[in-house]
Amino acid sequence: QVQLVESGGGLVQAGGSLRLSCAASGRTFSRYAMGWFRQAPGKEREFVACISRNGISTYYADSVKGRFTISKDNAKFYLQMNSLKPEDTAVYYCAAGTACTPSGGYDYWGQGTQVTVSS
C-alpha cells in the first residue's frame, strides 16, 4: 500500500506564498503520476495540478495557472503556491495514479493539509 503524507499547510495573507510537500514510500514518484486536489467546505473536490511519471509533462487547472507550480525530486512532491487568494482556501490532497489527468485514475490519497488564505 502506498502511503502519502502532505505537509506545509497553514494560514497566509492574500498575495502571499506557501509550499506544500508530499512524502511517499519506496519509488512512488517514479512509478506513478502525481496530482494535487483541493476541497473547500460545501464544494466538490477540485483538480489543481499534476505531473507525469517521468516528470516531463505537467497540467494545471485554469484557476491556478500562472500562480502555482508543481514539481518533484527523489524525496518529495511539491506544490509551490504564489499570489494566493481567499478562494484558494481548502484542504489540499496529494494523490498518486496511472496518468496525469484532471479527473479519474488516482488510486492513492493522502490525509490532506489545510490551507487558509485571509483577505
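Just so we're clear, the structure is a prediction, and the values are computed from it rather than from any experiment.
Among residue pairs with one or both ends in residues 53-69, those qualifying as salt bridge (charged side-chain N to carboxylate O under 4.0 Å, His left out) are Asp62-Lys65, Arg67-Asp88; sequence neighbours excluded. Listed by first and then second residue, the ring pair (Phe, Tyr, Trp, His ring centres under 6.0 Å) pairs involving residues 20-54 are Tyr32-Tyr108, Trp36-Phe77, Phe37-Phe47, Phe37-Tyr106, Phe37-Trp109, Phe47-Tyr59 (not counting sequence neighbours). Listed by first then second residue, pairs satisfying ring pair (Phe, Tyr, Trp, His ring centres under 6.0 Å) with a partner in residues 2-26 number zero, not counting sequence neighbours.
Residue Glu6 holds its CD atom at 10.5 Å from OG of Ser21, rounded to the nearest 0.5 Å. Note that CD1 of Ile51 and OG of Ser57 are 8.5 Å apart. Values are rounded to the nearest 0.5 Å. Within the model, atoms CG of Leu4 and OG of Ser25 stand 7.5 Å from one another, a figure rounded to the nearest 0.5 Å.
With sequence neighbours left out, Glu46 forms a side-chain hydrogen bond (donor to acceptor under 3.5 Å, both in side chains) with Arg38. With sequence neighbours excluded, no residue forms a side-chain hydrogen bond (donor to acceptor under 3.5 Å, both in side chains) with Tyr93.
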**OP:** Please test Leu79 against Val48 for side chain to side chain contact (heavy atoms under 4.5 Å, CB included), starting from the C-alpha separation and ending with a verdict.
**Re:** CA-CA 9 Å; Leu79 181 67; Val48 176; 4.2 Å; yes
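The two residues Thr116 and Gln114 make their nearest non-hydrogen contact at OG1-NE2, 3.4 Å. Taking all atoms of both residues into account, the shortest heavy-atom contact from Ser52 to Lys72 is O-NZ, 3.6 Å. Minimum interatomic distance between Ala40 and Ala90 (heavy atoms only, all atoms of both residues): N-CB, 3.9 Å. Across every non-hydrogen atom of Tyr60 and Ile70, the tightest pair is OH-N, 2.8 Å.
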Show me the side-chain donor-acceptor pairs of residues 7-18 shorter than 3.5 Å, one per line, residues at least two apart or across chains.
| residue | atom | partner | partner atom | Å |
| --- | --- | --- | --- | --- |
| Ser17 | OG | Asn82 | OD1 | 2.9 |

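Between the side chain of Thr69 and the backbone N or O of Gln80, no donor-acceptor pair lies under 3.5 Å.
Using a 4.5 Å heavy-atom cutoff, the side chains of Pro86 and Ser119 are in contact. No side-chain heavy atom of Val117 sits under 4.5 Å from any side-chain heavy atom of Glu87. Leu20 places a side-chain heavy atom less than 4.5 Å from the side chain of Met81. Inter-residue side-chain proximity for Cys22 and Lys76 is flagged as unmet; no heavy-atom pair is nearer than 4.5 Å.
No path of Ile, Leu, Val, Met, Phe, Trp and Tyr side chains, each step under 4.5 Å between heavy atoms, connects Val115 with Val5, placing them in separate hydrophobic clusters.
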